[in-house]
Number of protein chains: 2
Amino acid sequence: MHAIAVRRGEEAPSLIEKPRPDPADGEALVRTLRVGVDGTDYEVISGNHGGYPEGEDHIVLGHEAVGVVVDANGTGLSEGDVVVPTVRRRPNGSNEYFARGEPDMAPEGQYHERGIDGAHGFMAEYFTSPAEHLVNCPPELAELGFLVEPASITEKAVEHARASRSAFEWNPESAFVLGNGSLGLLTLAMLDNSFERLYCLGRRDRPDPTLDILDDLGVTYVDSRETPVDEVPGAFEAMDFVYEATGYAKHAFQTIEALAPNGVAALLGVPNDWTFEVDGGALHRELVLHNKALVGSVNSNVRHFERAVEAVAALPEWFTDALVTGVYGLDEFERAFDDDDTTIKTAVEFGTR
Amino acid sequence: MHAIAVRRGEEAPSLIEKPRPDPADGEALVRTLRVGVDGTDYEVISGNHGGYPEGEDHIVLGHEAVGVVVDANGTGLSEGDVVVPTVRRRPNGSNEYFARGEPDMAPEGQYHERGIDGAHGFMAEYFTSPAEHLVNCPPELAELGFLVEPASITEKAVEHARASRSAFEWNPESAFVLGNGSLGLLTLAMLDNSFERLYCLGRRDRPDPTLDILDDLGVTYVDSRETPVDEVPGAFEAMDFVYEATGYAKHAFQTIEALAPNGVAALLGVPNDWTFEVDGGALHRELVLHNKALVGSVNSNVRHFERAVEAVAALPEWFTDALVTGVYGLDEFERAFDDDDTTIKTAVEFGTR
């Protein structure tokens, strides 16, 4: 079968041939429909990732997949089910996090991530997966199911942020998403019903397709070149919720000043080392005196995928039409990895339902 | 009646005479038994506080009180009830935080703090309080009820920290209290039943009465002069829960490295401005990849006081005997404000039950 992989020593994805996998006990065989591309894929392609699967000289890309079960193999699934796979897998043997359905909480070394770290991804005509890591979708999501994995990331981050505010009555009105990439835009569309006022940080000039989406969502654009994150309360308003998706480390600290009293920031970016000065006294004091919280969040589990299925199904069609700027077949798969100012979200199409 | 106050322009408490207050509608009159002293009192004494009550040239000290109701004044209380007052009061009119019983979540400007900021404290022979801000204690707590307010601070911080971990199965085993002052020691005694292993950061040499208490509690002492907070995982273990009560701003950031995966730090200190370098990239990344959280916490509400009553009642007698190093009558009240290496927790006694 065809697969899209990065080979050791190369810095671009290639179309390769691999044998079609056989499902082991407890696994189903899935025919891949579409697989989304995101920033993590660029890092895997550039070699900045956790590692090749053991004994392999390549890693099959892709962690945002949707497919159709073609061999249920005695699992509870049915042939024809549209499913989305979760990303983390047991590296060897079990561990407590997988045992209780919370692989997203496993520390480093206690998981592989398909398409990212130590395990092949889903960019192949077929993949196998333990049934417990496949989440059913309505058939109508066969085309957009590749948005479920990124949406699940947001479901988890929002769940953890809300949990941190659950010991008191929290009535948030303003939310501020840092980053106008595909995850930021998807998050804004998901938050649209739970917040009165939405803001998004970016550094783009109009005309720009992401800024057009912000306009259509009714989101206020905050240009970070004019308004640094910590000046947002003065220029706009203090924010009850901040969702950090830039990986720009200064934002994690400036966010403390951007938050309203009793506010919370979910941090999702993964920056490299970077030493800089902060007024640590003022930040510490501000966290305490105004009951603020910072919550780091990575990955997601089946519960978040299930909610993400509902969230993606509820997205307005104009939004997904604008967000997904390209879906490419295997004959032009390279285009799915283009990253220019007209590209927002892309996917590779392996088949149709 | 006698009261202990700081007068404008002075930097030491004085015994003054004030008229005995009359309870207004909804208020009870309380005869004061004991009032504890803590670090916030030192700040008030040194003039580093929110402000004198409007129109006054002095502020009566004291926010950790226990007393007996002597005039229930038609409230639901009964004469003879042993009560502990909460600290925050409506500055004028109501606001949503007081209306729902969460004055601890009110932002600056929407509260006064008795004995600290804009309102007289409880270091007087009598005080009045709205009944809704008085928490009943068992009569046996007449002597130690002044520990309820500091214990309520910990109840709130732990509640908010646990809430932040409530979206997944969190089974913490190790807790690390930064600071071996009276609040740190009280917190360790309160945490004793919910954590397998307790650690406490300090910078004292043996022999020292606080380190003796750590030994008797079975707490491992971490000398910050030998082991900085961020090196604790290597020297001891990574911590599921950190309780920061030093107000030393670098600790708030080093704590991110001290936490175990999925851990949370409650921040309670109130440092002054202090600019320093951090590896913000590494800290941001660590928060995200290991699902860590920082939760600021200030003050406490009636719910926390009610739990604190139970917590203080459950403290072993040897512990409170060792913690409370002095209780002083009005004839020697200055001794309650001594702060030397043999002093841990003191109180002023205004009367007995």
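Letters go in sequence order (proteins before strands), and every chain restarts at 1.
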Atom group of Tyr248(A) that falls short of 4.5 Å from chain B, counting heavy atoms: backbone
Tell me which of these, Ser166(B), Pro261(B), Ser297(B), Ala266(B), has more heavy-atom pairs under 4.5 Å with chain A than the rest. Ser297(B)
Supply the atom-to-atom distance Glu244(A) CD to His284(B) NE2, rounded to the nearest 0.5 angstrom. 3.5 Å
Side chain, backbone, both or neither: which part of Arg162(A) has a heavy atom under 4.5 Å from chain B? neither
Which one wins on heavy-atom pair count under 4.5 Å against chain A: Glu286(B), Arg165(B), Glu277(B), Glu169(B)? Glu169(B)
Looking only at Asn299(B), Asp273(B), Leu289(B), most heavy-atom pairs under 4.5 Å shared with chain A are made by Asp273(B)
Residue part contacting chain B, namely of Phe253(A), when any heavy atom lies under 4.5 Å: side chain
Heavy-atom pair count under 4.5 Å with chain B, highest-scoring of Gly247(A), Gly101(A), Ala157(A), Ala252(A): Ala252(A)
Mind ranking His251(A), Glu159(A), Glu96(A) by heavy-atom pairs under 4.5 Å with chain B and telling me who comes out on top? Glu159(A)
Closest non-hydrogen atom pair between Ala167(A) and Glu102(B), with its separation: O-OE2, 4.3 Å
Report which part of Pro271(A) has an atom under 4.5 Å of a heavy atom belonging to chain B: side chain, backbone, both, or neither. both
Contacting moiety of Glu108(A), where chain B heavy atoms sit under 4.5 Å: both
Non-hydrogen atoms of chain B under 4.5 Å away: do they reach the side chain of Lys250(A), the backbone, both or neither? neither
Which one wins on heavy-atom pair count under 4.5 Å against chain A: His290(B), Lys292(B), Arg303(B)? His290(B)
Under 3.5 Å, is there a donor-acceptor pair between the side chain of Asp279(B) and the main chain of Trp274(A)? yes
Out of Leu294(B), Asn291(B), Leu283(B), return the one with the most heavy atom pairs under 4.5 angstrom to chain A. Asn291(B)
Between the CE atom in Met105(B) and the CZ atom in Phe168(A), the distance rounded to the nearest 0.5 Å is 3.5 Å
Where does Leu268(A) contact chain B at under 4.5 Å (heavy atoms): side chain, backbone, both or neither? backbone
Count the heavy-atom pairs under 4.5 Å between each of Asp104(B), Val270(B), Val278(B), Leu287(B) and chain A, then report the option with the highest count. Val278(B)
Take atom CZ in Arg203(A); do more than 12 heavy atoms of anything else shown fall under 6.0 Å from it? no
